[in-house]
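This report refers to the structure that appears directly beneath it.
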Amino acid sequence: MSTDVKKSWLASRLPCPAKETGNCAPTLERGAPYLARLPALITGAALLLLASGFVLAVYYNPDHGFASIQFIARNVNSGWLIQGFHATGATMLFAAVYLLLFRDIYRRAYTAPGELVWLLRVKLFALLLLVGWLGYALSDGAVAYWSLTDAANAATGLGGAAGVVGRWFFGGPNGAGTLARLEVFHAVLALAVLGTLGAHRCATRALARQAKPKHPVSCHPYYTAQTFAAFAVFALIFAVLMFFAPHYGLNPLNRAAADSLIIPAVLSPPWYLAPVSAVASVFSTTLGSIFGVIAMLAVLAALPWLDRSSPAGKRGLVYRLLMGLLLLDVIGLGWSVSDPACTISGSLTVFFTIWYFFHFLVLTPLVTALEAK
Amino acid sequence: MRRLFAPLLAAGLLFSAAAHAEDTLTPLHWQSQGSFGSFDKAAVQRGFLVYQSACASCHSASALHYRDLEALGFSPEQAAGIAASVKLANGAPATLDDTFKPAAVPASAFGGALPPDLSTIESARPHGLDYVYNLLTGYTAAPASVTLLPGRFYNTGYPGQQIAMPQPLKGNDVVYADGTAATLPQEASDVSAFLAWSADPNLDERHEIGVRAVLFLLFLSIIAIATKRKIWRETA
């Protein structure tokens with residue numbers, strides 16, 4: 001019987017969480033900006049999506065997807081509120097993730113020793129895109145229906161290994177039973193998002209432990225106060241969107257029931273899928289589109305190695321200018337698939353896609369190498 | 001249909017005959033528009049009357065139950081009365097828990113153009129309120145340069161101007177119990193208000209809770225930021 005009496009009852013039996021104690025020891029650097037709290041906000045939004053998604057899943061009926069969401073919004077007590085949390089939660093989560101990634105690129109936070117944290121963030125983004133698209137398909141609206149139909153038909157029509165995966169995923173062309181499968185994938189991949197967030201948390205902790213702060217402060221009350229304020233403002237923006245602009249960034253045509261005979265005039269996806277969907281639309285074949293999306297994420301993941309300057313290297317003026325252009329480029333990508341009235345939007349999409357890859361594959365190595373000198 | 005509902009609603013209208021509809025037609029607007037909008041229940045009740053008498057024979061509104069009418073200010077008894085006066089396909093009277101009776105229009109009726117379900121039509125069309133209003137008031141004689149397709153009617157509010165729906169409202173299609181004159185613009189505006197409610201029945205509650213939530217979070221944010229600044233100042 002050699003129980004360590006100093007350890008708590010739980011820590012002596014389950015040692016893992018014990019490692020996490022001492023979080024609030026004075027080991028953190030002072031003065032981090034509010035935006036450094038984005039990962040906490042992302043985790044908060046993900047948990048809210050999980051909780052609201054659980055309630056929605058209880059009532060969702062994949063045989064009548066659209067009608068069952070109508071049922072939730074109209075006939076389930078506070079159902080409209082829960083559904084609103086889920087829909088606006090997705091918008092807020094994606095906004096926070098886009099902001100986080102952009103801030104990381106701007107600050108060159110992906111350089112050693114931050115590569116793993118960066119890779120986990122790109123993985124989080126990739127998973128969220130998939131979960132987000134699945135949720136969009138589950139909405140079973142007039143626009144989402146066609147997105148799903150196209151994807152399922154294309155994926156099942158592929159040859160070789162890709163076709164095997166596609167047929168396994170969709171179970172055949174869009175039809176009875178497709179949404180039931182997707183509901184399962186939506187939920188399972190959402191749990192994978194949480195797992196990724198957990199790994200990300202461990203990795204950021206490890207980074208923080210390596211850092212030797214010049215002016216150490218303890219997490220509480222210094223950073224708990226900041227985190228609380230960040231959450232309050234996040235919730236405020238959330239509430240404004242949810243209660244007063246619940247459909248912001250979403251295609252209004254998707255609020256009608258799906259119709260297998262009518263293709264809506266505007267087929268734009270929710271804003272957070274738009275840049276990716278734009279890149280996919282540039283390629284004329286299914287494999288091409290899949291390749292485009294994977295390449296889009298792959299260049300992000302490869303950033304730590306595309307950046308040729310030393311980790312501590314300063315950001316030069318040209319680099320910062322390019323970041324501004326990249327921001328405009330991604331916004332342009334999203335916008336170019338949302339505005340069918342613009343006749344040149346097709347060529348703009350191509351141009352923005354080319355610029356995106358040009359930025360990461362050519363300009364980033366070039367400029368960072370030049371500015372490192 | 002029309003003869004059945006008018007007296008029922010005449011008895012049921014919450015808003016007494018003295019309270020004429022305020023003029024929402026010049027300039028055209030609806031109380032539910034805007035960030036803080038709420039439904040004008042009198043207008044929505046009148047719009048329901050128009051829907052039941054002039055649209056329900058062709059258009060379903062399957063997302064609605066008769067019990068939902070209570071949200072418009074009808075008492076449970078009045079809503080039950082309205083439901084009971086509807087004969088379902090099997091001949092039985094409808095109850096509060098039935099969805100609005102589906103319209104049975106044969107597919108061949110309008111040259112293949114099926115009347116869509118109206119429950120969410122206003123959220124499915126950009127600027128749905130104005131869209132429906134302009135559609136219902138947009139029937140005119142076709143200009144000489146336009147050749148109408150068979151079974152189509154000229155409508156300035158419809159994309160392409162040629163719609164398969166015959167003009168449903170002409171003015172005085174209903175008798176309003178609150179004494180409002182049932183002109184075509186009034187009927188069109190009221191039924192548009194009803195369809196706005198049907199597309200987004202939680203709007204009132206959403207805005208009500210929203211104002212409180214936003215005010216609360218605003219103060220919370222201010223206090224949280226002030227606290228954080230104080231703590232950061234003191235942790236020198």
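Each chain gets a letter, A, B and so on, in the order its sequence line appears, and its residues count up from 1.
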Closest-packed option against chain B by number of heavy-atom pairs under 4.5 Å, given Pro264(A), Ala257(A), Gly31(A): Gly31(A)

Quick check: are there more than 12 heavy atoms from other residues, nucleotides or ligands sitting under 6.0 Å from OH of Tyr98(A)? yes

Let's test your reading of the structure: which of Leu218(B), Ile222(B), Ile223(B), Asp117(B) forms the most heavy-atom pairs below 4.5 Å with chain A? Leu218(B)

Check the surroundings of atom NZ in Lys87(B): do more than 12 heavy atoms from other residues, nucleotides or ligands lie under 6.0 Å from it? yes

Under 4.5 Å heavy-atom distance to chain A, tell me which part of Arg67(B) shows up: side chain, backbone, both or neither. side chain

Would you say Arg103(A) has more than 12 foreign heavy atoms packed within less than 6.0 Å of its CZ? yes

Can you check whether anything in residues 70-94 of chain A gets within less than 4.5 Å of chain B, heavy-atom wise, and list it by number? Gln70(A), Ala73(A), Arg74(A), Asn75(A), Trp80(A)

Proximity breakdown for Glu205(B) and chain A, heavy-atom pairs closer than 4.5 Å: both

Stepwise side chain to side chain contact (heavy atoms under 4.5 Å, CB included) check, Leu203(B) with Arg206(B): CA-CA 5 Å; Leu203(B) 176 117; Arg206(B) 197 174 66 234; 3.8 Å; yes

Counting heavy-atom pairs under 4.5 angstrom with chain A, the leader among Leu64(B), Ile209(B), Thr227(B) is Ile209(B)

Tyr66(B) and Phe100(B) aromatic centres sub-6.0 Å: yes

Show which side-chain atoms of residues 228-252 of chain A pair as donor or acceptor with protein atoms under 3.5 Å away, not counting sequence neighbours.
unit_1	atom_1	unit_2	atom_2	d
His247(A)	NE2	Arg255(A)	NH1	3.2
Asn251(A)	OD1	Leu253(A)	N	2.9
Asn251(A)	ND2	Val266(A)	O	2.9
Asn251(A)	ND2	Ser268(A)	O	3.1
Asn251(A)	ND2	Ser268(A)	OG	3.4

Shortest non-hydrogen contact between Ala199(B) and Thr120(B), atoms and distance: CB-CA, 4.0 Å

Parallel, tilted or perpendicular, as decided by the 30° and 60° cut-offs, for the rings of Trp232(B) and Tyr222(A): parallel

